[in-house]
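A short write-up of the structure that comes next.
The basis for the numbers below is simple: all heavy atoms, side chains too, and nothing from hydrogens, waters or symmetry mates.
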Amino acid sequence: MWKLDRADCVLLIRQTAICAAAVFALATNPFGWEDTRSLWIALTFGLLNFGVYFACKVASLASLGAIVSPVLGLACWGSLLATTTGMESPFVAGLWLEVALSAVTFSPGGVALVTGGAICVLWAQPELAGSEVATLAVALHSALLVGLGVATIRFAHGPGALRTFSVGLFRELQGDLSMARVVLAVALLAAIATVPAELEVYAPLFEPSPGLAFRATLVLAILGKTLAALGIGVAVACLMALSQRNARWLFLGFAWTIGVLAWIRVDAHLYAVTSNHLLDYVVFLGDPDALVWAGRGLDPWTPIASSVFRTLCWVALALPVSWALLRIRGAGRVVALSWFLALLASLLLQRVSPEVRALRLLEVELPWTWSAGFDESADPSRFAEDRARAIYEKKGEPLYQVQRFDEFERGIQLQSTPHVLLLVIESLRADALTPDIMPNLWRFSERGARGERHYSGSNVSHLGWFSMLYARLPFSYRVYIDSGQPVLFAETFARAGYRNRLVAASHVTFGGLERFLGDSHFEVDLFHEEPLSWQRDPLVVERSMEILRDSQEPQFLVAYPMATHFPYLVPPEADNLDSARDDDLNGLDPDLRNQSKDLMRRYRNAAHYVDTLLAPWLDEIDLTRVLVVVTGDHGESLYDDGVLGHFSRLSEVQIRVPLIIAGPGVEADRVIAGPTSHVDLLPTVLRLLGASPDALAALPGRDLFAAQVAPAVVGVLDRRAPRQHPAQLLLLSGDARYAVKLPHEGRGLELTGPMKLDGLPASAWEDIDVEGFLGMFEAFLDQQR
């Protein structure tokens, strides 16, 4: 069996101390030293020391490992002293620890050598730190170390209490059952330690702040789901260790604890920055431009490494606490009972808490949250849900069906065939189209029509593009692209004799985008060789100008510049609107939350740069022979809704985009009041080219220039494109905003409720207009039929 002896415990205590030093370096820093360097020093020596621990399990290396480990410890503390405040640093206590630990495994001569090594580290500080150190201070510390060395030799190698205590502790830890209790206690304590970090992330979702009962529910829900996830691996490890009488299985429990807690911490960090979870970013692994859009290449991994290391430190700190706790008679039963009661309380409080809607939001936003069901009798939306469910069961069938438009495509007869330009600017917010930020596009909009309230079909690129090119919301996005359905926009123009062209500043691979925006439907020019988006965009504009200038046959051209995507870089010589940091950003840096004004300046500069590139092209375009549509695939959050980027919330800034339509048949200086949607673009363009209204009746979208356009209910779908799971749909009409989850069948429909502009549900359910919501919902379903 793999049991702990004295040398093992010394190594692990040293490991705990090094990890504690790293935690201290990461904490609020009143000393003013470079805590980042201290962190990586502690991490390096901690990993080396941990490697020594496993090397000592090889009989031939055990003696060497016992010598190498204190050498690593002395080197670690000396380096930390040099990078902090030298002799005034609290890390000087690490040298005292090394002297004390040496007495457990070494003879008096070995203790003297370690003490001498610690003194040498002190006297080396002037050279290591590159500064002067007071000789008197070093001498006093050296005297203290000598005294500590003499005392430890006296107590450890005589009949003193220290020797008796240490021998008794080592014997107690020989039992597999005792070690299993330690694993259980470490997991419990480390799980409790993660609650404040998660609470800081999720508590701001609930505003105004709920009552004390719900706060307790929130804490226990966070702790309960963590304990439930930890319990799987810990239980398996302990049972296998006890049944096979082999303590090696207990290392599985430690590994599982570290892995689960590290995942939770990284996930909470990502959610705090982007309002997305770790699994949401798995799809980026296959995107060749993922690191371009994340900023600073591999730097996004630095905060993740920091989160993982914090987890290791908390687990290491929980080890000695657990050992001390389990020396109390009956403490193991208390630990197990506490684990069980935390899980039970998590379930029971969810049943009795009056904050039913808040709990539902928590279940959506917090991963792995488990519940025994909610007491929906206290839910004020239950009546509205029952009636909405009946409407959906009657009229919602077409939403998740793949609709073929063969008859529609064959029935389209265009009366004119000018070039059609669809200019889609990545992450273009609606408020970027102003005379100050994008003056050239603004002047161009005065030559045609401008949409005041235009919305993408989603808050993510591939679904926003789908709503444009397929002229419907992406309820069955995956089914459509997997079945090879033709792209309605491209297929319609191809049948009319157009050449379909795509010019983009990136690979178009995200979310399966290449399946309908690739070379199977378009002649593709991709400019992705340059490392930065602002270096690619001039090539996109130049190539697009060349296509429209030189082509005699009608072209359906899709142009896709991307400088307005994070990290919003522009060339140094660009005519910027105002000063902003010109360095690249780390997309996962939590400190960006405190730089929202700088982020807004950077974004405006990027939008202005794209506008400057477009200026000569816009001046050159002959609107008698080119029909132009300008919009964005989705918007962008700059912490004005609490998060950064897109792909997260159905907030106004993430889903609202500009719209410009200019060309043959479009009156100058016209305003489309809205709300309007990407779904409306295809029927509007086809009607301008002479298609009959009867032929367009099969489409769910509207002709925005029709003489009498009925008020529309615009739908925007959340980025979680459904295959089996319910999709959250935001309904917009006038000032009303309601969110509802629509499953494949009507039984699971849930009314999320009135939605605020920041994309979070409103808390005031007493003011819900049930009849108004039901009218909007039924009108939307009728539009889809």
Side-chain angles (χ1 to χ4, degrees), residues 414-425 428-456 468 541 544-545 548 556-559 561 564 577 604 607-633 635 652-653 655-691 693 696 701-712 714 732-735:
L414 302 183
Q415 303 303 315
S416 61
T417 56
H419 297 315
V420 176
L421 168 63
L422 179 60
L423 174 59
V424 182
I425 302 174
L428 188 62
R429 292 166 53 117
D431 58 6
L433 183 59
T434 66
D436 295 329
I437 301 174
M438 305 186 83
N440 297 297
L441 264 179
W442 179 265
R443 286 193 298 272
F444 184 77
S445 71
E446 294 176 338
R447 300 168 61 188
R450 182 175 64 254
E452 285 191 334
R453 287 186 62 196
H454 186 75
Y455 293 90
S456 173
M468 276 188 281
V541 173
S544 299
M545 291 176 62
L548 291 188
F556 171 46
L557 172 62
V558 179
T564 41
L577 293 174
R604 289 172 177 166
H608 186 70
Y609 170 67
V610 174
D611 183 77
T612 303
L613 293 178
L614 294 174
W617 191 17
L618 297 175
D619 292 338
E620 179 183 300
I621 289 178
D622 180 0
L623 292 181
T624 63
R625 56 187 297 269
V626 182
L627 177 61
V628 181
V629 178
V630 183
T631 188
D633 53 347
E652 190 78 354
V653 290
I655 62 177
R656 188 172 170 184
V657 294
L659 173 65
I660 301 172
I661 304 177
V666 182
E667 298 177 12
D669 207 16
R670 180 170 178 173
V671 174
I672 305 172
T676 59
S677 168
H678 276 355
V679 174
D680 300 324
L681 295 183
L682 178 60
T684 300
V685 168
L686 293 181
R687 186 70 186 97
L688 287 171
L689 300 184
L696 302 177
R702 306 166 299 149
D703 171 15
L704 299 180
F705 296 125
Q708 294 181 346
V709 180
V714 168
L732 302 146
S733 182
D735 294 329

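Exactly one residue among Thr434, Leu433, Val630, Ile425 makes a side chain to side chain contact (heavy atoms under 4.5 Å, CB included) with Pro658. That residue is Leu433. When each of Val628, Thr684, Ile661 is paired with Val666, the side chain to side chain contact (heavy atoms under 4.5 Å, CB included) condition holds for Ile661 and for no other. Each of Leu441, Asp436, Asn440 was compared with Met438 under the side chain to side chain contact (heavy atoms under 4.5 Å, CB included) criterion, and only Leu441 meets it.
Side-chain contact between Pro664 and Leu688: absent, with no pair of heavy atoms (C-beta onward) separated by less than 4.5 Å. With a 4.5 Å cut-off on side-chain heavy atoms, His608 and Pro439 count as touching. Contact annotation: the side chain of Thr631 never approaches that of Leu428 to less than 4.5 Å [non-hydrogen atoms, C-beta and beyond]. In this structure the side chain of Trp617 reaches within 4.5 angstrom of the side chain of Leu421, judged on heavy atoms.
Here the shortest heavy-atom pairing between Ser445 and Arg450 reads OG-NH1, 3.2 Å.
A donor-acceptor contact shorter than 3.5 Å is absent between the side chain of Arg447 and the backbone of Gly663. At distances below 3.5 Å, not a single donor-acceptor pair connects side-chain atoms of Arg429 with backbone N or O atoms of Gly632. In terms of modelled atom types and a separation under 3.5 Å, the side chain of Thr564 and the main chain of Ala607 share no donor-acceptor contact. Put simply, the side chain of Asp680 gets close to the backbone of Arg702: a donor and an acceptor are under 3.5 Å apart.
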| request: Step by step, work out the side-chain contact (heavy atoms from CB on, under 4.5 Å) result for Val714 and Thr676. | output: CA-CA 6 Å; Val714 168; Thr676 59; 5.6 Å; no
